[in-house]
Amino acid sequence: AMPGADEAAAMQLLLEYLDDPRFDRVVVDTAPTGHTLRLLELPEMMDSMLGRLLSMRESLSGMVSSLGGLFGDSDDEEAAMASLNELSAKIERLRAALQDPNRTDFRVVMIPEEMSVTESERLVERLDGFGIPVRTVVVNRVSEDLASVAGVDPEWFVAPDTEHCEFCRRRWEVQREALTRAQELFHGRDVKRIPLFAEAVHGAEMLAVVARCLD
């Protein structure tokens, strides 16, 4: 596949979902930071490319008319330009939707480690540059128990033992430093925590626990 093909395909799907009456809300689980930023740069790049094509068409319209059928059927040309104009309008609407805080909330998910915090900081800065609202930062796999989450049976959840387990204690110290830095960096945004589970998160019961952590 040519470079950018995956991002272009994803953008085409977003354009389709934008006008699909079946959906009240579209949730996009994005790729890692680099791919996500390329995806979000695509509307600007495509808009610029289409603008150049349309401008070139206008500049050459007189020449095309004088050369007759050299460039093909005029009806086909008009249909192609109409499609380009329609795509340009859709891209503009998608960009407006992504920048509208009433319609979009980009939620950054990170783990409590220094490298992840640094990467998330870069991502949030770029998203701010795109004008895309980021109101929520989710910190996943935090080594703390679920005592503060309502409705969780303490016998059901196995928490890391940071009091008697030296490994758990040291990992918690690393995480606390990362959490402190994240709170400072993302001040003014809602920072949520999801604990580290002993088992994989499967089923309605465990998903309900995660939902309460995000509430």
Side-chain angles (χ1 to χ4, degrees), residues 1-20 22-52 86-142 144 174-196 201 207 210-215:
M2 66 181 294
D6 291 342
E7 289 80 8
M11 188 59 64
Q12 179 62 34
L13 285 176
L14 285 176
L15 288 169
E16 291 178 12
Y17 294 151
L18 189 66
D19 296 320
D20 196 321
R22 295 176 299 165
F23 306 120
D24 296 319
R25 179 174 298 163
V26 177
V27 179
V28 181
D29 183 9
T30 65
T33 302
H35 292 283
T36 298
L37 290 175
R38 284 197 293 273
L39 172 65
L40 296 173
E41 288 168 352
L42 203 56
E44 193 73 31
M45 183 185 72
M46 290 179 68
D47 193 41
S48 176
M49 179 183 68
L50 289 172
R52 287 196 295 271
E86 181 182 359
L87 178 58
S88 180
K90 281 186 176 181
I91 291 172
E92 184 58 38
R93 287 177 54 236
L94 176 60
R95 178 162 48 200
L98 290 174
Q99 294 175 341
D100 184 352
N102 294 317
R103 301 183 67 185
T104 298
D105 181 18
F106 195 109
R107 300 191 170 196
V108 175
V109 180
M110 53 171 279
I111 58 175
E113 294 184 4
E114 182 179 357
M115 284 292 292
S116 184
V117 174
T118 299
E119 183 176 351
S120 298
E121 178 187 18
R122 170 183 166 236
L123 177 57
V124 169
E125 287 177 351
R126 293 295 299 279
L127 291 169
D128 285 344
F130 289 134
I132 297 175
V134 181
R135 295 191 296 272
T136 307
V137 176
V138 178
V139 187
N140 196 15
R141 302 180 183 177
V142 180
E144 59 185 358
V174 170
Q175 290 194 357
R176 284 208 303 182
E177 291 181 10
L179 286 166
T180 299
R181 183 157 179 255
Q183 292 284 359
E184 294 171 353
L185 286 173
F186 307 125
H187 178 72
R189 308 179 199 269
D190 194 6
V191 180
K192 305 281 191 178
R193 297 186 185 188
I194 298 177
L196 175 65
V201 178
L207 287 173
V210 173
R212 287 197 290 273
C213 295
L214 296 173
D215 190 7

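Predicted, not measured: the structure shown is a model, and the values here were computed from it.
Annotation: the span from Leu185 atom CG to Thr180 atom OG1 amounts to 11.0 Å, rounded to 0.5 Å. To the nearest 0.5 Å, atom CZ of residue Arg181 and atom OG1 of residue Thr118 are 4.0 Å apart.
Judged as a salt bridge (Lys or Arg N to Asp or Glu O under 4.0 Å), and not counting sequence neighbours, Glu114 has no contacts. Shown here are the salt bridge (Lys or Arg N to Asp or Glu O under 4.0 Å) partners of Arg103, two or more places apart in sequence or in another chain: there are none. Legend: residues meeting salt bridge (Lys or Arg N to Asp or Glu O under 4.0 Å) with Asp20, ordered by chain and number and at least two apart, are Arg22.
The side-chain heavy atoms of Leu123 and Met110, taken from C-beta on, include no pair separated by under 4.5 Å. Ile132 has its side chain out of reach of Arg126: every pair of non-hydrogen atoms, C-beta onward, lies at least 4.5 Å apart. In this structure, the side chains of Arg189 and Val124 come closer than 4.5 Å at one or more pairs of heavy atoms.
Residues Pro133 and Pro101 come closest through the heavy atom pair CG-CA, 3.7 Å. Smallest separation of non-hydrogen atoms from Gln99 and Phe130: NE2-O, 2.8 Å. Between Lys192 and Asp215, the closest heavy-atom pair is NZ-O, 3.0 Å.
No side-chain donor-acceptor contact under 3.5 Å links Ser116 to the backbone of Pro112. Side-chain atoms of Thr104 come within 3.5 Å of backbone atoms of Ala97 as a donor-acceptor pair (strictly under, hydrogens ignored). Listed for the Asn140 side chain is no donor-acceptor partner under 3.5 Å among the backbone atoms of Val109.
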Gln175/Arg141 under side-chain contact (heavy atoms from CB on, under 4.5 Å): CA gap, chis, key distance, verdict:
CA-CA 10 Å; Gln175 290 194 357; Arg141 302 180 183 177; 5.5 Å; no
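Of the residues listed (Val201, Ile111, Leu214), the one engaging Ile194 in a side-chain contact (heavy atoms from CB on, under 4.5 Å) is Leu214, and it is the only one.
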